[in-house]
Undergrad: 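Before anything else, here's the structure in question.
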Amino acid sequence: MPRPLPRSFYARETLTVAREILGCVLVRESGGELLRGRIVEVEAYVGEEDKACHARAGRTPRTDVLYGPPGLAYVYLTYGMHYMLNAVTEPAGRPAAVLIRAVEPLDGLDRMARGRGFSNGAAKAHLLTSGPAKLCQAFGLDLRQNRSDLRGPELWIEPGAAVPDSRVAVSPRIGCETAAKPWDRMPWRFYEADSPFVTPGRALHRKTQGSQRSRHKE
DNA sequence: GGCCCGATACTCT
DNA sequence: GAGTATCGGGCCC
């Protein structure tokens, strides 16, 4: 039975929500089956001044949901092929959200593997949901879930065992290297430090487009 | 094991 | 018309 986090959980400062949503459980109901994953990595995107937040350009058809009531899903397409799941935060009128970047698979791993396109069920668990686009594939999420209520019935987030400070790490947000300073370096990515289910690698620097190799020099 | 590159379509200037 | 909150394969160590 769904026992989702209440709307009041999301109606707080985004950094608080991001920190506390670690350890909570993302649940997806689909075709009578429940897919469950423990949230181990998130990022906070906070308002129009945050130049890495989609709301930096103000209210548009796409970002409209960010300005609405907290506790709704904001799902969007990026790079023309990948979906991202966010939870809208803060009281209505303040555009902010927490990007769910990775979960630890708990239930429905076979179904997740199929969603990811793995034909054999022997896929390694850490390949299923260790990234924002991967977890959307595994959970079968796309634009149809945009604006859906995170209190169910098709998608919700349940309370879980809190992750202690000693196991939480912080870093700049991934993929925001080109955002204006200081927003490119804000330490607003929270993740479980010792989890094998977070985004692998780390420096996703890429930025030179067209220039070969590197020219180093500043 | 790490780095580089292309794919692909939608959003806003 | 440009830029994008990524992923996975290919290549080179």
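Each chain gets a letter, A, B and so on, in the order its sequence line appears, and its residues count up from 1. Bear in mind the structure is a predicted one, so any value in this text is a computation, not a measurement. Below, each value reflects all heavy atoms present in this structure, side chains not excepted, and no hydrogens, waters or symmetry copies.
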Undergrad: Rounded to whole angstrom, note down the P distance from C:dG1 over to B:dT8.
TA: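 The answer is 22 Å between these two P atoms.
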Undergrad: Using a cut-off of strictly less than 4.0 Å, decide whether A:Arg116 has a side-chain nitrogen or oxygen near OP1 or OP2 of C:dC7.
TA: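 Answer no for this pair, as no side-chain N or O of A:Arg116 is under 4.0 Å from OP1 or OP2.
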Undergrad: Any heavy-atom pair between the side chains of A:Ile174 and A:Arg101 that's under 4.5 Å?
TA: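 When only atoms from C-beta onward are counted, A:Ile174 and A:Arg101 do touch, with a gap below 4.5 Å.
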Undergrad: Just checking A:Ala133: base, sugar-phosphate only, or nothing, at a heavy-atom cut-off of under 4.0 Å?
TA: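 If one applies the 4.0 Å heavy-atom cut-off, A:Ala133 turns out to touch the sugar-phosphate alone, with no base involved.
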Undergrad: Find the distance A:Ile174:CD1 to C:dT4:P and express it as a whole number of Å.
TA: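 So the CD1-P distance, A:Ile174 to C:dT4, works out to 16 Å.
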Undergrad: Rounded to the nearest Å, what distance is computed from the CG atom of residue A:Leu127 to the P atom of nucleotide C:dG9?
TA: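 It is 10 Å, rounded to the nearest whole Å.
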Undergrad: Does a side-chain N or O of A:His54 approach OP1 or OP2 of C:dA5 to a distance below 4.0 Å, or not?
TA: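 Yes, within the criterion.
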Undergrad: Could you check whether A:Glu41 and A:Thr199, counting side-chain N and O atoms only, form a donor-acceptor pair closer than 3.5 Å?
TA: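 On atom types as modelled, these side chains qualify, holding a pair under 3.5 Å.
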Undergrad: Among C:dG8, C:dT6, C:dA5, which nucleotide sits nearest the side chain of A:His82?
TA: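 Nearest to the side-chain atoms of A:His82, counting from C-beta on, is C:dT6.
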Undergrad: Starting from A:Tyr67, walk the hydrophobic network (Ile, Leu, Val, Met, Phe, Trp, Tyr; side-chain heavy atoms closer than 4.5 Å) and list everyone else you reach, by chain and number.
TA: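 Traced through the cluster, A:Tyr67 reaches A:Tyr45, A:Val65, A:Leu66, A:Leu72, A:Tyr74, A:Tyr76, A:Met84, A:Val88, A:Leu99.
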Undergrad: For Watson-Crick and G-U wobble pairs within 3.5 Å on both distances, what is DNA chain B written in dot-bracket notation, | included for inter-strand pairing?
TA: |||||||.||||.
Undergrad: Say whether, by atom type as modelled, one donor and one acceptor occur between the side chain of A:Asp107 and the main chain of A:Arg36 under 3.5 angstrom.
TA: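 A pair under 3.5 Å: no.
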Undergrad: Whole angstroms only, please: what is the CG-C1' distance between A:Asn146 and C:dA5?
TA: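 These atoms are roughly 15 Å apart.
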Undergrad: Check the distance between C:dA5's P and A:Leu85's CG and give it to me in whole angstrom.
TA: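 After rounding, the reported distance stands at 16 Å.
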Undergrad: Just how far, in rounded Å, is P of C:dG3 from CZ of A:Arg56?
TA: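 So the two atoms are 12 Å apart, to the nearest Å.
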Undergrad: Can you establish whether the number of heavy atoms outside A:Glu29 located under 6.0 Å from its atom CD is more than 12?
TA: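 Yes, the 6.0 Å shell around CD holds more than 12 heavy atoms from other groups.
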Undergrad: Could you tell me the separation between the CG atom of A:Leu99 and the P atom of C:dT4, rounded to a whole number of Å?
TA: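 In whole Å, C:dT4 P lies 16 Å from A:Leu99 CG.
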Undergrad: Mark yes or no for whether A:Thr63, through its side chain, and A:Gly58, through its backbone, hold a donor-acceptor pair below 3.5 Å.
TA: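 The answer is yes, because a donor-acceptor pair under 3.5 Å joins these two groups.
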Undergrad: Send over the distance from A:Glu43 CD to C:dT4 P, rounded to a whole Å.
TA: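 The answer, rounded to whole Å, is 15 Å.
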Undergrad: For nucleotides 8-10 of chain B, tabulate all protein N/O to nucleotide N/O atom pairs closer than 3.5 Å, reporting atom names and distance.
TA:
from: B:dT8; atom 1: O2; to: A:Tyr79; atom 2: O; distance (Å): 2.3
from: B:dA9; atom 1: O4'; to: A:Gly80; atom 2: O; distance (Å): 3.4

Undergrad: Looking at A:Phe9, does the NZ or CZ of A:Arg12 lie under 6.0 angstrom from its six-membered ring centre and within 45 degrees of the ring axis?
TA: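 Geometry flag: set, cation within 6.0 Å and 45°.
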Undergrad: Answer yes or no: is there a side-chain heavy-atom contact under 4.5 Å between A:Glu192 and A:Val168?
TA: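 Result no, sub-4.5 Å side-chain heavy-atom pair not found.
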Undergrad: What I'd like to find out is whether the side chain of A:Trp156 reaches to under 4.5 Å of the side chain of A:Arg28, using heavy atoms alone.
TA: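 Not touching, per the 4.5 Å side-chain cut-off.
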Undergrad: Starting from C1' on C:dT6, measure out to CZ on A:Arg101 and report it in whole angstrom.
TA: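 Checked: the CZ to C1' distance equals 8 Å.
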